Protein chains: 2
Amino acid sequence: MIKNTIRAAQEELKRKGYKLTGPRKAIINYLAESQEHPDMQQIFAGIRAEYPSIGMATLYRTLGLLLELDILRAITVKKNQLRYELKKPGDHHHHLVCTECSQILEFGSCSFKHISSEIETVTRYSIEYHNLEAYGLCPQCQATS
Amino acid sequence: MIKNTIRAAQEELKRKGYKLTGPRKAIINYLAESQEHPDMQQIFAGIRAEYPSIGMATLYRTLGLLLELDILRAITVKKNQLRYELKKPGDHHHHLVCTECSQILEFGSCSFKHISSEIETVTRYSIEYHNLEAYGLCPQCQATS
DNA sequence: AATCTAATTGATAATTTATTTCATTAAGGT
DNA sequence: ACCTTAATGAAATAAATTATCAATTAGATT
Ligand SMILES: [Zn+2]
Ligand SMILES: [Zn+2]
Ligand SMILES: [Zn+2]
Ligand SMILES: [Zn+2]
């Protein structure tokens, strides 16, 4: 539900004491509505459509902030190639990344949740979130090799 | 076993048709011997100690190559802050990363192996490797907050 | 062991990406 | 409507990454 995702992100910003500004709203809206996993260039271009005055620095700052607040997730496709997605409340999934064409596919089963608390006990870390990416070849790239 | 790690990495290079050059050997040696998870700057400084003529470009190229060959793993500590570790034959582990001080702790239990082949069946991807990082606060940073 | 060939290297330049600065704007509280 | 301060955007600056290319060298071939 896109509306919920947007609202959750906005509320989290306010809850932590940040202002809900035009640029931030535009970025959150764009991310919430994008079905793929866009990179920074795509996001920048996309935002400009409905918020033409936005500067690059603001986008850097905002993505950094959303990551810190754990509202946003970055997926490493290749070295220094990140793709982004807004976290949806109630959803938890991970990603398959094709090492050939960089296609991203989501999968819902998470095996980490079960061992998370045991790892917390053993290591004394307090775990806030986790990322899991599996890398390999997508069906198309398997065919053409 | 450091010796084995070095040999495995070297053999993989040769097996794939790459030359075993001085710089590559130095980089592999450094990585194999480093117990922490160094970043590029640390690696560069460390290599220079025993291979002073190495250029930055070669380090970039070599790290990229080792990543491609799945000999090397990159751990995302923060946005655009990577740490590296050579994969050891017979070893498989994942990482806890402190979001405050960037300390990295390894943990051995991998929950993904069990579901990997099922995901391959369902998605038709062929999975070659995976990365899992859990983020949170290390014991020290929990104390000072 | 000397020769050959193509991959690799290192210095530099060029490019791209990210951050800092700072005057201006605007969000949210009063 | 006003005030305070966080946030923005443009530009400058800095940092990271990649491209270029002559010189070197690993590994194969005599
Ligand atoms: Zn996703
Ligand atoms: Zn998970
Ligand atoms: Zn490790
Ligand atoms: Zn694993």
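Protein chains get the first letters and strands the later ones, always in sequence-line order, with residue 1 at the start of each. Here the structure is a predicted model, which means the values were calculated and not measured.
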> Whole-Å distance between dT18(D) P and Leu63(B) CG?
Replying inline: 11 Å
> CD of Gln81(A) versus C1' of dT16(C): gap in Å, rounded?
Replying inline: 13 Å
> Is the ring centre of His130(B) less than 6.0 Å from the ring centre of His95(A)?
Replying inline: no
> Charged N to carboxylate O below 4.0 Å: is that the case for Glu11(A) and Lys14(A)?
Replying inline: no
> Can you tell me if the side-chain N/O atoms of Thr21(A) get under 4.0 Å from OP1 or OP2 in dT8(D)?
Replying inline: yes
> Between Met40(A) and Lys19(A), which is nearer to the 5' end of DNA chain C once each is assigned its nearest nucleotide?
Replying inline: Met40(A)
>> Heavy atoms from C-beta onward define the side chain here; which of dA11(C), dG9(D), dG27(D) lies closest to that of Arg48(B)?
In response: dA11(C)
> Would you say a side-chain N or O of Tyr60(B) is under 4.0 Å from OP1 or OP2 of dT17(D)?
Replying inline: yes
> In whole Å, what is the span from the NZ atom of Lys16(B) to the P atom of dG27(D)?
Replying inline: 17 Å
> Going through the checks in order, is the salt bridge (charged side-chain N to carboxylate O under 4.0 Å, His left out) test met by Glu120(B) and Arg124(B)?
Replying inline: CA-CA 5 Å; Glu120(B) 284 186 309; Arg124(B) 294 287 153 203; over 6 Å; no
> Is there a donor-acceptor contact under 3.5 Å from the side chain of Arg48(A) to the main chain of Ile54(A)?
Replying inline: yes
>> Below the 4.0 Å mark, does dA16(D) have OP1 or OP2 next to a side-chain nitrogen or oxygen of Asn80(A)?
In response: no
> Can a side chain N or O of Lys14(A) be found less than 4.0 Å away from OP1 or OP2 on dA27(C)?
Replying inline: no
> Parallel, tilted or perpendicular for Tyr135(B) and Tyr129(A), by the 30°/60° rule?
Replying inline: parallel
>> Could you tell me how far apart Leu59(A) (CG) and dT17(C) (P) are, to the nearest whole angstrom?
In response: 13 Å
>> Distance check needed: dT16(C) C1' versus Gln41(A) CD, whole Å only.
In response: 10 Å
>> What is the separation between atom OH on Tyr51(B) and atom P on dT9(C), rounded to the nearest whole Å?
In response: 8 Å
> Which of the following nucleotides, dG10(C), dG28(C), dT21(C), is nearest to the side chain of Arg61(A)?
Replying inline: dT21(C)
>> Between C1' on dA10(D) and CD1 on Ile54(A), what's the gap in Å once rounded to a whole number?
In response: 13 Å
>> Both Met56(B) and Gly22(B) contact DNA chain D. Taking the nearest nucleotide for each, which residue is further toward the 5' end?
In response: Met56(B)
